[in-house]
Undergrad: 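For reference, the structure I am asking about is given below.
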Amino acid sequence: MVHLSFDAGTNNFAWQGASYPIAVNATVKVMIGGVVYAILNNPDYGMTATATASNGATISPSTLPVWGNQATDPQSLSNLTHFDMYIPAVVMTECQII
């Protein structure tokens, strides 16, 4: 297995009852060579975002908090969630990471 490590943060102002229409959901795919190994999903009006592994990968943690106001906005590195992801080693022999 190959270890990937990264930090991610989420935000969702709409759950606070924002008075303007806003698209607040987001999905980030972790892909190598066109194969999806993890999906981070920040749902509309949710309090918890999810991280789901696929294609033989693992990811931890599987959830992260959704920050809901500017005081706790993940613009600060201290508000980011650290992820450890493991993907099958065979993937690294089949593609080049840039």
Side-chain angles (χ1 to χ4, degrees):
M1 299 295 266
V2 175
H3 180 219
L4 302 175
S5 178
F6 59 93
D7 298 318
T10 61
N11 204 325
N12 191 340
F13 291 106
W15 71 263
Q16 291 183 292
S19 60
Y20 50 89
I22 182 171
V24 294
N25 65 327
T27 300
V28 175
K29 295 178 182 178
V30 179
M31 300 173 66
I32 298 175
V35 177
V36 176
Y37 289 97
I39 296 176
L40 300 162
N41 184 38
N42 181 26
D44 284 342
Y45 304 101
M47 296 296 294
T48 304
T50 58
T52 306
S54 59
N55 292 308
T58 61
I59 191 166
S60 181
S62 61
T63 62
L64 66 152
V66 173
W67 300 100
N69 60 56
Q70 291 179 340
T72 54
D73 192 323
Q75 290 180 30
S76 166
L77 294 179
S78 65
N79 291 327
L80 298 177
T81 299
H82 180 77
F83 286 91
D84 287 301
M85 182 173 165
Y86 294 87
I87 61 170
V90 68
V91 171
M92 303 312 287
T93 63
E94 297 174 358
C95 65
Q96 178 181 6
I97 303 236
I98 298 175

Undergrad: Are Met31 and Leu4 connected in the hydrophobic side-chain network, where two residues link if heavy atoms are under 4.5 Å apart?
TA: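 No, separate clusters.
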Undergrad: Would you give the length of the straight line joining atom OG1 of Thr50 to atom CG of Leu40, rounded to the nearest 0.5 angstrom?
TA: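 These two atoms lie 7.5 Å from each other.
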Undergrad: If you look at every heavy atom in Pro61 and Ala51, which pair is closest and at what distance?
TA: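 Closest pair (atom of Pro61, atom of Ala51, distance): O-CB, 3.7 Å.
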Undergrad: Do you know the tightest heavy-atom contact between Ser54 and Ala38?
TA: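 So the two residues come closest at OG-N, 4.3 Å.
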Undergrad: Measure across Ala57 and Pro88 and return the closest heavy-atom pair with its distance rounded to 0.1 Å.
TA: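 Closest heavy-atom pair between Ala57 and Pro88: N-CD, 4.2 Å.
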Undergrad: For Phe83 and Val30: C-alpha separation, side-chain torsions, deciding distance, then whether side chain to side chain contact (heavy atoms under 4.5 Å, CB included) applies.
TA: CA-CA 12 Å; Phe83 286 91; Val30 179; over 6 Å; no
Undergrad: How many angstroms lie between atom CG of Leu64 and atom OG of Ser62, to the nearest 0.5 angstrom?
TA: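 If I round to the nearest 0.5 Å, the distance is 9.5 Å.
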Undergrad: Do Val2 and Ile59 share a hydrophobic cluster, counting only Ile, Leu, Val, Met, Phe, Trp and Tyr and linking them when any side-chain heavy atoms are less than 4.5 Å apart?
TA: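 They do share one cluster, since a chain of ILVMFWY contacts under 4.5 Å joins Val2 to Ile59.
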Undergrad: Only one of Thr27, Thr52, Val28 passes side-chain contact (heavy atoms from CB on, under 4.5 Å) with Asn41; say which it is.
TA: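 In the set Thr27, Thr52, Val28, the residue that makes a side-chain contact (heavy atoms from CB on, under 4.5 Å) with Asn41 is Thr27.
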Undergrad: Using a 3.5 Å distance criterion without hydrogens, assess whether the side chain of Asp84 forms a donor-acceptor pair with backbone atoms of His3.
TA: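 No, Asp84 side chain to His3 backbone: no donor-acceptor pair under 3.5 Å.
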Undergrad: So which heavy atom on Asn42 is nearest to which on Ala49, and how close?
TA: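 That would be CA-CB, 4.0 Å.
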Undergrad: Could you give me the CA-CA distance, side-chain angles and deciding distance for Ile87 and Val35, then say whether side chain to side chain contact (heavy atoms under 4.5 Å, CB included) is met?
TA: CA-CA 11 Å; Ile87 61 170; Val35 177; over 6 Å; no
Undergrad: Quick check: is Met1 connected to Tyr37 through a chain of hydrophobic side chains (ILVMFWY, heavy atoms under 4.5 Å apart)?
TA: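 Per the 4.5 Å side-chain linkage, Tyr37 and Met1 are not co-clustered.
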